[in-house]
Amino acid sequence: MLDGGRPTGVLGPVRVPSVATEVADRLMTAIAIGDYLPGHRLPGERELATLLDVSRATIREAIGRLQAVGIVEIRRGRTGGAYVRTSWTEATAAAVRRTLVPRWPELEQLFDLRGLVEGMAARAAALRRTDKDLSAMRSALDAYAGASSLREEQEADAAFHAAVVTAAGNPQINALTRDLLMRVSLGFPTEPYGEDDPETYRQALSEHRAMYEAISARDAERAGSIAERHFTLTADMMRAMLERGLNDSRDSRSGS
């Protein structure tokens with residue numbers, strides 16, 4: 001799929017005709033990689049416009065495109081908004097290719113950098129954690145272990161890693177990890193979570209527990225090593241989504 005971290009000739013940059021198309025593609029890709037899960041309400045127009053640095057009119061047009069292909073539904077009323085219906089449709093593969101292919105060399109660099117930074121944060125947490133920090137980690141770990149839906153897993157996962165970074169005791173580390181998350185997740189402040197995969201969940205739970213135990217024991221090197229390995233889960237999932245987008249394209253060509 002990749003050649004030395006660079007797109008091959010087949011994976012050359014794809015031009016898009018408008019800002020609304022670029023935004024719609026990025027939203028479809030964000031949903032495909034699990035930034036926003038089925039049943040999840042997308043941020044409002046104002047927030048999305050701020051996150052993506054575009055006008056609210058562009059956001060409205062992009063959301064309309066997602067509604068037209070069945071990815072979101074619009075609900076009215078006090079709790080209204082654009083709600084995710086499904087993570088993948090026939091339109092998704094092309095959007096994933098247009099979004100991820102041109103960014104892929106940078107994303108591979110970000111995956112590497114993120115592992116190093118999260119490892120550093122876990123090492124600092126092991127050396128500096130307080131009883132309050134450990135309590136927050138335990139609470140999030142219990143919530144992750146008891147999650148009954150993918151969305152609950154995602155929320156508990158975010159809470160656990162936020163507790164680890166907080167335990168590092170340096171707001172600049174917190175800001176750096178948040179910036180890297182935003183860049184990996186295409187400008188959205190949520191961890192890409194993919195699809196429901198029991199094996200990945202079991203691996204993540206095991207690594208969360210091991211990281212907590214290492215931090216509790218003040219074993220900085222072990223905590224950092226686990227964190228570096230743990231964050232390859234996101235990179236692997238995004239590689240799988242890119243491959244799915246490419247394979248869907250090949251399948252559609254071979255079937256035509």
> With heavy-atom distances below 4.5 Å as the criterion, would you say the side chains of Arg26 and Phe188 are in contact?
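Sidechains of Phe188 and Arg26: in contact.
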> Can you hop from Leu141 to Leu134 via hydrophobic side chains spaced under 4.5 Å?
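Yes, one cluster joins them.
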> Using a 6.0 Å distance limit plus a 45 degree cone around the ring axis, check whether Arg114 lies over the aromatic ring of Phe231.
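No; the conditions do not both hold, so Arg114 does not lie above the ring face of Phe231.
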> Return yes if a side-chain donor-acceptor contact under 3.5 Å exists between His208 and Asp157, otherwise no.
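Side-chain D/A pair, His208 to Asp157: present.
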> For the side chain of Thr99 and the backbone of Ala95, is there at least one donor-acceptor N/O pair under 3.5 Å apart?
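Flag set: sc Thr99 to bb Ala95 pair under 3.5 Å.
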> Are Tyr144 and Tyr201, when compared by the centres of their aromatic rings, separated by less than 6.0 Å?
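Here the rings of Tyr201 and Tyr144 have centres that are less than 6.0 Å from each other.
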> Can you confirm whether Met137 sits close enough to Met211 that some side-chain heavy atom of one is under 4.5 Å from a side-chain heavy atom of the other?
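Of all side-chain heavy-atom pairs linking Met211 with Met137, none is under 4.5 Å.
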> Would a distance-only check, ignoring hydrogens and angles, find a side-chain to backbone donor-acceptor pair under 3.5 Å from Ser185 to Leu181?
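Flag set: sc Ser185 to bb Leu181 pair under 3.5 Å.
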> Is there a path of hydrophobic side-chain contacts, each under 4.5 Å between heavy atoms of I, L, V, M, F, W or Y residues, that connects Leu113 with Val164?
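No, because Leu113 and Val164 fall into different hydrophobic clusters, even though each may have its own neighbours under 4.5 Å.
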> Check this for me: does any side-chain nitrogen of one of Arg103 and Glu106 sit under 4.0 Å from a carboxylate oxygen of the other?
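No, this pair does not count.
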> Under a 3.5 Å threshold, yes or no: a donor from one side chain and an acceptor from the other, between Glu191 and Thr234?
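On atom types as modelled, these side chains qualify, holding a pair under 3.5 Å.
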> Does some side-chain heavy atom of Asp112 sit less than 4.5 Å from a side-chain heavy atom of Leu110?
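No. Closest side-chain heavy atoms not under 4.5 Å.
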> Ignoring hydrogens and geometry, is there a side-chain-to-backbone donor-acceptor pair from Arg85 to Ile71 under 3.5 Å?
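No; zero donor-acceptor contacts below 3.5 Å.
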> Say whether, by atom type as modelled, one donor and one acceptor occur between the side chain of Ser139 and the main chain of Ala136 under 3.5 angstrom.
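No, Ser139 side chain to Ala136 backbone: no donor-acceptor pair under 3.5 Å.
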> Establish whether Ile31 and Leu186 are linked, either directly or via other cluster members, by ILVMFWY side-chain heavy-atom contacts under 4.5 Å.
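Hydrophobic grouping puts Ile31 with Leu186.
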> Take Glu118 and Arg229, measure what salt bridge (charged side-chain N to carboxylate O under 4.0 Å, His left out) needs, and give me the verdict at the end.
CA-CA 10 Å; Glu118 295 290 350; Arg229 182 172 67 250; over 6 Å; no
> Return yes if some donor-acceptor pair links the side-chain N/O of Ser225 with the main-chain N/O of Glu221 below 3.5 Å, else return no.
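Answer holds: no.
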> Mark yes or no for whether Arg75, through its side chain, and Tyr83, through its backbone, hold a donor-acceptor pair below 3.5 Å.
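Not a single qualifying donor-acceptor pair exists.
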> Report yes if some heavy atom in the side chain of Met238 is under 4.5 Å from a heavy atom in the side chain of Pro192; otherwise report no.
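With C-beta onward as the side chain, the pair touches.
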> Kindly determine whether Arg151 and Glu155 satisfy salt bridge (charged side-chain N to carboxylate O under 4.0 Å, His left out), including the steps that lead there.
CA-CA 6 Å; Arg151 184 172 179 181; Glu155 291 172 350; 3.5 Å; yes
> Answer whether the closest heavy-atom distance between the side chains of Val96 and Met28 falls below 4.5 Å.
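No, their side chains stay 4.5 Å or more apart.
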> Compare every heavy atom of Ala126 with every heavy atom of Ala214, then report the nearest pair and how far apart it is.
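Nearest heavy atoms, Ala214 then Ala126: O-CB, 4.3 Å.
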> Under 4.0 Å between a side-chain nitrogen and a carboxylate oxygen: does that hold for Glu22 and Arg65?
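Between Arg65 and Glu22 there is no salt bridge, as every charged N stays at least 4.0 Å from the carboxylate O atoms.
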> State plainly whether one hydrophobic cluster holds both Leu233 and Leu107, where clusters connect Ile, Leu, Val, Met, Phe, Trp and Tyr through side-chain heavy atoms under 4.5 angstrom apart.
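No, no single cluster joins them.
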> Quick one: do Val84 and Tyr193 end up in the same hydrophobic cluster if we chain Ile, Leu, Val, Met, Phe, Trp and Tyr together by side-chain heavy atoms under 4.5 Å apart?
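Hydrophobic grouping puts Val84 apart from Tyr193.
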> Would the distance check show the side chain of Arg60 and the main-chain N or O of Glu45 forming a donor-acceptor pair, the cut-off being under 3.5 Å?
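Here the side-chain-to-backbone pair does not exist.
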> Would you say the side chains of Thr130 and Asp133 form a donor-acceptor pair under 3.5 Å?
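Asp133 and Thr130 do have a side-chain donor-acceptor pair below 3.5 Å.
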> Can a donor-acceptor pair be found between the side chains of Gln203 and Glu207 at a distance below 3.5 Å?
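A pair is found: one side chain offers a donor N or O, the other an acceptor, under 3.5 Å apart.
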> Hey, is Glu61 close enough to Arg56 for a salt bridge, meaning N to O under 4.0 Å?
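Here Glu61 does not pair with Arg56 in a salt bridge, since their nearest N and O are not under 4.0 Å apart.
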> Treating Thr58 as the side-chain partner and Val54 as the backbone partner, does any N or O pair qualify as donor plus acceptor under 3.5 Å?
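It does not hold such a pair.
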> Does a side-chain heavy-atom distance below 4.5 Å link Arg128 with Arg123?
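No, side chains not in contact.
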